[in-house]
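Single-structure report; data block below.
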Amino acid sequence: MLCARDGVSEGTEITIPYPCDFHHHFRQSTLVDATVKICSERFSHALAMPNTSPPITTVELCQQYYEKLTSAAQATPAGQPKMEFLSVLYLTDNTTVETVEEMAKHPNIYGFKYYPAGATTNSAFGVTDFNKCYPVFAKMQELGLVLCIHSEVSRPEIDIFDREKVFIEEVISPIVTDFPTLKVVMEHISTSFGVDFIKSTPGDCLKGSITPHHLVYNRNALLVGGIKPHFYCLPILKRESHRVALLDAATSQSGKFISGTDSAPHDKARKESDCGCAGVFNGHNAVELYVEAFESVGKLDTLNNFFQAGKDFYGITGDRKMTLKKESWKVPANYDFPDEENPDRAQKLIPLRAGEDMLWKIV
Ligand SMILES: [Zn+2]
C-alpha cells in the first residue's frame, strides 16, 4: 500500500462528476445482481466484459446479456439513477464483417473485445492470428467501432512479465499502423512500454486503460512475505518503476489514459488453490483507490481529467456528481456472493485490501 506523500488532511472533501468504468466483469447467473449492485455505487456506466461462458460472440447473446444487466440495475433504490451499460462482443478468428454491420445498428454495442487465445479467464475462443481479423478491423474503422484489446501475447516461451512489451511489437503496432483511424483501447496497461507506446502514437484513436490495482500495487504485493493469490491478476503486477510510469501517465492530463477497473470476482476457493485463477475484485473500492493513487503524488486536481478522457472517447455524458471524503473505513474480510454455477450455494469473495483500511470514502 502506498504512503500518501503529499496527502491532504483528514476530512477533506472532493466532488467530481460520476466516474465510468470501461472494463468490468459482471459474470453470469445470480452473481450479476451482486456485481451490478456494488459497481453501481461507484460508477454511472460500465463496459461489460464478454468473456462469459459461453462467450458473447453474437449480437443476440450480447443483447440478452445487456437485458440481464439492465434488469439487475433496476434494483437500485427508488429515486436513484440506474446504472447504464456499454456492451462489446467477443472477437474470434471467425467473426464476420456481417456481424460488425449488425452490431453497429445497436447503440448499446460499442465494439469488440480482443482476447489473444489463452491469455486469461475464458479466452480459449479468442484470436489466434490477428491477420484473420483484418476485414473486421476495416469495417470497424469504417463504422467507428472500438477495439478493446487484452494486450498480452500468450506464447509459452515469452516470460509472463514481458507479455505486454512483445504484444505491442508484434500485434498492436501493426494494427495501429494499418488502421490509423480505428478506435483502439489497450486495456489494463501494466508497463512503461504500454505508456510510452500510447504517448508516442499520434492522433486521438489509441487509449490505454489503467486499473486501480496497477496504480497502487507493484509485484511485491503478490510475491513478498509469502505468495498472495488475491493479488494475482493478468496482466500480472509489475516492478515499481512500471507502477510509477502508470501513475505518471494517469495523472498526465494527456487525455490518452482512461479508467477501467478490470474488477473480476472469483470464489476464494478458486483463488486459494494449487492453480489459483487470475483476477482481482475491486468493485467495492475502485474509485476510492484511484483517488488514493492520485493523492499519493499530489495530483488530485487531475483526477477528473482522467475520468473524463474515457467518457469523451466513448461519448458518455451525464451530470451526476460524487463527493468523496478523506476518512478511513475498513474493507470487509469477505463478501458472500451467489455462486454463478450453483445459485443455491454462496461463494466467498475476498475483495482487494480485505480487512484493511481505505483512506477515502464516498459520502
Ligand atoms: Zn478483464
Side-chain angles (χ1 to χ4, degrees), residues 19-28 31-32 35-36 38-39 42-43 45-57 62 65 69 85-92 110-127 146-154 160 163-164 167 171-172 184-191 194 207-217 222 229-238 246 257-267 270-271 276-286 289-290 310 314 337 340 349 351-352:
C20 300
D21 181 358
F22 296 104
H23 184 135
H24 202 100
H25 297 273
F26 290 102
R27 305 298 189 211
Q28 289 163 277
L31 184 51
V32 164
T35 53
V36 167
I38 205 161
C39 183
R42 283 165 186 78
F43 297 100
H45 297 70
L47 191 152
M49 283 294 119
N51 61 334
T52 49
S53 180
I56 296 168
T57 53
C62 184
Y65 190 53
L69 294 172
F85 300 94
L86 292 73
S87 304
V88 291
L89 265 65
Y90 187 117
L91 184 69
T92 75
Y110 283 75
F112 280 102
K113 177 65 186 261
Y114 174 146
Y115 291 102
T120 189
T121 307
N122 292 350
S123 62
F125 299 92
V127 175
V146 179
L147 183 63
C148 304
I149 306 184
H150 182 112
S151 306
E152 293 192 291
V153 292
S154 54
I160 192 168
R163 286 170 151 201
E164 184 170 294
F167 192 86
V171 183
I172 297 264
V184 174
V185 181
M186 279 183 67
E187 300 215 295
H188 43 50
I189 57 169
S190 62
T191 66
K207 306 290 178 194
S209 72
I210 306 180
T211 75
H213 43 285
H214 287 97
L215 288 179
V216 174
Y217 296 102
L222 171 69
H230 299 288
F231 286 96
Y232 177 60
C233 55
L234 291 173
I236 197 164
L237 293 172
K238 305 295 193 304
L246 294 171
F257 301 96
I258 70 174
S259 51
T261 68
D262 199 11
S263 183
H266 288 284
D267 188 12
R270 293 193 196 112
K271 295 286 291 176
C277 60
V280 162
F281 182 77
N282 61 27
H284 63 298
N285 63 359
L289 286 170
Y290 279 128
Y314 282 99
F337 277 5
E340 63 183 331
L349 185 133
L352 186 58

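We count ligands from 1, going down the list as the structure has it; atoms in each ligand are counted the same way.
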_Tell me if the aromatic rings of His214 and Tyr217 count as close, with their centers under 6.0 Å from one another._
no

*With a cut-off of 2.8 Å, does His25 place any N/O/S atom under that distance from the Zn ion (ligand 1)?*
yes

*asked:* Quick check: His230 with Tyr232 (ring centres under 6.0 Å apart)?
replied: no

*Going by an N to O cut-off under 4.0 Å, is there a salt bridge joining Glu187 and Lys113?*
yes

*Atom nearest to the Zn ion (ligand 1) - Asp262, N, O or S atoms considered*: OD1

*Tell me, which N, O or S atom in His23 is closest to the Zn ion (ligand 1)?*
NE2

*How about Phe112 and Cys148: do any of their side-chain heavy atoms sit closer than 4.5 Å?*
no

